[in-house]
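In listed order, ligands and their atoms are each counted from 1. Heads up: numbering here begins at 1 and tracks the sequence.
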Amino acid sequence: MTTDLNTEKLSAFGKKIGSILNGAAAALMISVGHKVRLFDVMSDIGACSSVKLADSAELDERYVREWLGAMTTAGIVSYDALRDLYSLPKEHAAMLTRSAGPRNQSLYMQYIPLLAQVEDQIVEHFKSGGGVPYSEYTTFHAVMAEASAARFDNLLIQTVLPLVPDIGKHLESGINVADVGCGSGHAVNVMAQNFPNSTFTGIDFSSEAIGVARNEAEQLGLGNVEFLEQDAADLQLKEAFDFITTFDAVHDQAQPRQMVAGIFASLKPGGYWLCADLCASSHLGENLDHPIGTFGYTVSCMHCMSVSLAYDGEGLGAMWGAQKAREIFTDAGFSLEEVARVDGDAGNNYYLCRRPL
Ligand SMILES: C[S@@+](CC[C@H](N)C(=O)[O-])C[C@H]1O[C@@H](n2cnc3c(N)ncnc32)[C@H](O)[C@@H]1O
């Protein structure tokens with residue numbers, strides 16, 4: 001070890017490393033707290049002892065007390081040491097409970113344990129190249145579906161669709177719509193419920209996700225949806241759709257350019273493709289202040305890039321960025337009319353692409 005170290009810098013970095021370790025641990029505990037509904041219960045019952053919280057949440061008190069220790073030292077839960085009472089400030093509840101909808105950040109903490117599941121495999125791929133296929137991420141579709149449902153339920157109809165000129169009018173009168181890489185299909189089902197005169201097709205290559213999508217459509221009694229289990233790199237649906245959507249479904253494709261070409265060919269001339277994908281620059285130097293940059297590159301390395309490489313793909317990665325997106329979309333023939341942001345969805349750009357007439 002060198003002896004000419006700047007002690008001030010050393011001490012500052014030591015604090016930073018400590019806070020990274022604490023932050024990572026807190027993320028895991030927030031994920032657990034979300035899964036066992038501790039934030040929701042704390043928000044409902046107000047200041048409480050660990051016994052009351054455990055009783056109310058129907059959980060084991062010893063585990064709840066240790067969790068409270070982690071959450072208190074992380075500054076998430078407030079602790080009155082004199083009365084031995086814990087409380088969740090309402091501003092924290094507004095970002096951690098199910099009723100927070102798309103603001104609920106605990107949904108995203110679940111990605112940390114999800115990624116950790118494949119850590120050993122990722123380590124091997126650092127040496128050998130290639131990637132980890134979707135099938136190895138056993139909780140991916142459930143976690144993704146829960147996080148995106150919070151956005152779709154609150155923002156899709158009211159805020160996202162109106163980004164597309166006149167789309168409400170067309171959906172009311174009846175058009176054909178596809179959602180490519182639809183995952184568990186909630187966006188498709190929400191749109192189909194709201195616009196009964198239009199028909200909706202969800203496309204995904206995951207049989208697990210398509211099964212969930214079909215079940216939900218059946219439970220909702222929807223007659224205007226179908227779900228196709230199909231590779232998006234091989235869309236053979238010539239000019240079948242008036243409008244196409246993709247939600248976080250381009251960057252992890254093995255063959256994103258083939259997928260975008262297929263979307264172009266499947267749209268009627270003049271039709272719009274609304275593509276939501278992670279908001280970032282394609283240049284690392286422009287992402288230094290990205291509010292969730294480390295998270296974005298980590299999810300990318302341990303999932304989005306890796307699943308693409310697993311199928312001999314391009315490995316764009318989650319942080320592919322707006323410049324690369326523009327290049328791929330315009331190369332396919334689209335005109336990129338707008339890159340919009342949506343209040344309540346800080347993570348995504350909404351690319352409004354049009355197939356020229
Ligand atoms: C990040 S998830 C997004 C899912 C959904 N749109 C949402 O927002 O919840 C990406 C989806 O793309 C699907 N996918 C990836 N590669 C695909 C391919 N080649 N063909 C069809 N679907 C694919 C995955 O199965 C996954 O459901």
Quiz prompt | Carboxylate-amine/guanidinium contact R355 D242, below 4.0 Å | solution = no

Quiz item: Same cluster or not: are V339 and Y350 linked, directly or through other Ile, Leu, Val, Met, Phe, Trp or Tyr residues, by side-chain heavy atoms under 4.5 angstrom apart?
Solution: no

Exercise. Could I get the full list of side-chain contact (heavy atoms from CB on, under 4.5 Å) partners for N22, not counting sequence neighbours?
Key: none

Quiz item: Should the heavy atoms of other residues, nucleotides or ligands under 6.0 Å from CG of N215 be counted, would the total exceed 12?
Solution: yes

Quiz item: Measuring from each atom of ligand 1, which residues have a heavy atom under 4.0 Å away?
Solution: Y134, F140, H141, M144, S148, F152, G181, C182, G183, D204, F205, S206, Q230, D231, A232, F247, D248, D252, Q253

Exercise. Hey, can you tell me if Y137 and F140 have their rings parallel, tilted or perpendicular (30° and 60° cut-offs)?
Key: perpendicular

Exercise. Evaluate the ring planes of H251 and W320, with Trp represented by its six-membered ring, and classify them as parallel (under 30°), tilted (30 to 60°) or perpendicular (over 60°).
Key: tilted

